[in-house]
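Counting from 1, the numbers follow the sequence of the chain as shown. Here the structure is a predicted model, which is why all the values come from computation and not from measurement.
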Amino acid sequence: MKTLEKVNYKGFIWPLIIGIILWCITPWRPAGLSSQAWEMFAVFVATIVGCITKPLPIGGTTLVGLVVTVLVGLAPMKDVVNPKTGAVTDTGVLSAFSNSASWLIAMAFIMAYGISKTGLGNRIAYWMIRRFGKKSLGIGYAITGLELVLGALIPSNSARTGGVVWPITESISESYDSKPNSPSRKKIGAYLDFMAFHANILSTALFITGAAPNMVAQQMAQQKGYTMTWGGWFIAAIVPVAVATVIIPLVIYKMFPPEIKETPNAKKWADDRLAEMGPISKPEKIMAAVFALSIVLWFLSGFFKIPQLDSTFVAFLAVALLLVTGVLTMKDALKQTGAWNILIWLSILIFMASKLISYGFIGWFSKLIQNGLHGISWEIVLAILVLLMFYTHYFFASGTAHMTALYLPFLSVAVATGAPLGLSAMLLAFTGAINASTTHYANGPASILATTGYVKQGEWWKMNFVLGIIYLLIFGIVGTFWMKIIGVW
């Protein structure tokens with residue numbers, strides 16, 4: 001007998017309560033706001049809360065929010081067009097799914113499956129362990145290097161950690177008899193587990209396609225008139241990430257030292273795995289070539305503004321090449337539920353945020369904060385906003401929900417107080433990547449690595465607090481000066 005699928009109905013309670021309360025106080029809304037602006041705010045906040053309480057997976061939750069938006073008359077299904085001028089007078093919800101960033105990351109997910117299917121990701125990992133695996137610190141740097149490479153290949157930070165890095169880290173730990181939930185965890189497993197998490201933070205910060213919140217920031221910044229390209233993000237991130245890549249593994253090594261310092265078996269372990277894989281295969285070679293081509297074209301699209309080299313088109317081109325060459329099948333592409341899931345929820349959240357702008361809510365909010373900060377220099381305002389963006393992540397279990405809720409308002413406030421648009425956009429976007437250095441529920445990789453049994457929750461919070469300060473200093477100081485040098489502001 002068939003049964004209904006499980007739904008977390010309790011997860012609907014808080015979104016409904018908060019949404020209804022906000023909706024009911026519409027007649028007493030703040031001065032200067034239209035009723036539509038406040039009602040859209042109510043629906044948006046309820047949707048974000050739903051993304052946190054998760055009554056349904058985020059795709060289903062945002063879809064419910066979109067349906068409510070239409071039902072209450074805040075958006076039509078299709079664009080409303082003036083019959084005389086042909087101009088769009090009201091944007092319909094179906095236009096949400098023409099969002100280029102959502103399609104870019106969906107195609108990138110499909111590309112990432114090719115990395116996994118061909119075995120190229122694992123081969124790269126074993127090469128790095130073989131090269132740098134003589135000492136435990138060296139393995140820490142190898143894991144960091146692996147993550148930085150995978151950050152360009154795999155657009156999901158959870159997929160990188162759960163699919164490639166953690167299985168390798170676990171295998172290395174077990175090869176040294178370092179077990180979770182036992183005193184042996186501190187032999188090497190605890191260090192490598194925590195190192196893998198921070199390597200993921202660095203890879204997320206280095207590439208605009210490193211994680212979904214980056215793509216949210218890209219689209220939000222576009223609505224304020226600032227364009228983030230793949231190459232532009234990479235150039236802005238390269239120096240602060242390089243500095244952090246040198247410093248963070250050393251700090252973790254000192255704070256959370258492994259009992260095993262020398263790891264001569266790591267090279268043999270990697271050699272054995274490579275021997276099992278055999279020579280590099282034809283699918284791996286094609287996958288590597290297609291990815292290299294994509295990187296080159298993404299850079300060109302950022303620097304030369306060639307219409308045909310739009311970054312989303314490049315991702316479509318790469319997937320088409322993988323299909324034509326037989327590396328992937330259409331069945332492979334259709335099975336990537338993560339790709340189609342993110343296409344839905346990212347498109348919807350960006351559409352809802354655009355409605356907040358068109359109804360005037362973001363402008364009102366920015367002016368309100370600007371008046372409250374009157375007389376304070378933009379440098380101090382921007383610093384405060386970065387700190388708020390970082391530490392408010394203690395209240396979020398989703399980087400995407402956090403970025404969607406706060407990025408655009410914070411960016412608007414920063415610019416309104418005189419802060420340079422480029423600097424504000426990039427610093428707040430980077431903060432959305434590094435603020436994962438807070439809790440054990442900060443993002444997907446945290447949820448994976450904090451629950452393995454290698455690192456206790458108290459250790460996780462204490463060490464992340466220290467490392468969070470280091471990230472803020474590196475990106476706030478080094479990143480700001482570097483972006484000045486390259487002309488971001």
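Here the CD1 atom belonging to I110 is positioned 7.0 Å from the CD atom belonging to Q336, to the nearest 0.5 angstrom. Distance check, rounded to the nearest 0.5 Å: CG of L297 to CG of L317 gives 6.5 Å. Taking CE of M40 as the start and NZ of K355 as the end, the distance is 8.5 Å to the nearest 0.5 Å. Between the CG atom in L388 and the CG atom in N435 there is a gap of 12.0 Å [rounded to 0.5 Å]. Note that OG of S424 and CG of L382 are 4.5 Å apart. Values are rounded to the nearest 0.5 Å.
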Side chain to side chain contact (heavy atoms under 4.5 Å, CB included) between V93 and F351, worked out: CA-CA 7 Å; V93 297; F351 173 80; 3.6 Å; yes
S437 and N464: CA distance, side-chain angles, deciding distance, side-chain hydrogen bond (donor to acceptor under 3.5 Å, both in side chains) verdict: CA-CA 5 Å; S437 183; N464 267 334; 3.3 Å; yes
Would F410 and V386 satisfy side chain to side chain contact (heavy atoms under 4.5 Å, CB included), going step by step from the backbone distance to the final call? CA-CA 9 Å; F410 279 18; V386 166; over 6 Å; no
Verify side chain to side chain contact (heavy atoms under 4.5 Å, CB included) between D79 and D90, making sure each step is shown before the conclusion. CA-CA 6 Å; D79 290 349; D90 195 2; over 6 Å; no
Show, in sequence, the C-alpha distance, side-chain angles and deciding distance for I470 and I248, and conclude whether the side chain to side chain contact (heavy atoms under 4.5 Å, CB included) test is met. CA-CA 8 Å; I470 294 173; I248 296 299; 4.0 Å; yes
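Between the side chain of Y407 and the main chain of A425, a donor-acceptor pair closer than 3.5 Å is present. The backbone N or O of A416 sits nowhere less than 3.5 Å from a side-chain atom of W378 that would complete a donor-acceptor pair. Between the R123 side chain and the L120 main chain, no donor and acceptor come within less than 3.5 Å of each other. Looking only at distances, a side-chain donor or acceptor of N200 sits under 3.5 Å from a matching main-chain atom of N157. Side chain of H393 to main chain of H402: no donor-acceptor pair is present (N/O by atom type, distance under 3.5 Å, no hydrogens or angles). Side-chain atoms of K54 do not come within 3.5 Å of backbone N or O of T61 as any donor-acceptor pair. In this structure, Y226 contributes its side chain and M220 its backbone to no donor-acceptor pair below 3.5 Å. Listed for the N214 side chain is no donor-acceptor partner under 3.5 Å among the backbone atoms of A433. A donor-acceptor pair is defined here as one N or O able to donate and one able to accept, closer than 3.5 Å; no such pair exists between the side chain of E147 and the backbone of S203.
A heavy-atom distance below 4.5 Å is not found between the side chains of V68 and L74. Side chains of T404 and F44 form a contact here, defined as non-hydrogen atoms less than 4.5 Å apart.
In terms of heavy-atom proximity, E284 sits nearest to T118 at CG-O, 3.2 Å. Heavy-atom minimum distance, M107 versus V319: O-CG2, 3.5 Å. A46 and G19 make their closest contact through CB-CA, 3.9 Å (heavy atoms, listed as atom of the first residue, atom of the second, distance). Heavy-atom minimum distance, L33 versus G360: CD2-O, 4.1 Å. Across all their heavy atoms, P249 and M195 have their closest contact at CA-SD, 3.6 Å. The two residues T26 and S35 make their nearest non-hydrogen contact at CG2-CB, 3.9 Å.
Counting non-hydrogen atoms of neighbouring residues, nucleotides and ligands closer than 6.0 angstrom, the CH2 atom of W489 exceeds 12 such neighbours. Other residues, nucleotides and ligands place more than 12 heavy atoms under 6.0 Å from the CZ atom of F97.
Screening W23, W364, F361 for a ring pair (Phe, Tyr, Trp, His ring centres under 6.0 Å) involving F41 leaves a single residue, F361.
Ring pair W460/F197 is tilted by interplanar angle, where 30° to 60° counts as tilted.
Centroid-to-centroid, the aromatic rings of W233 and F430 come within less than 6.0 Å. In this structure, F207 has its ring center under 6.0 Å from that of W230.
Take T144 and apply the side chain to side chain donor-acceptor pair (under 3.5 Å) test, not counting sequence neighbours, and it matches no residue.
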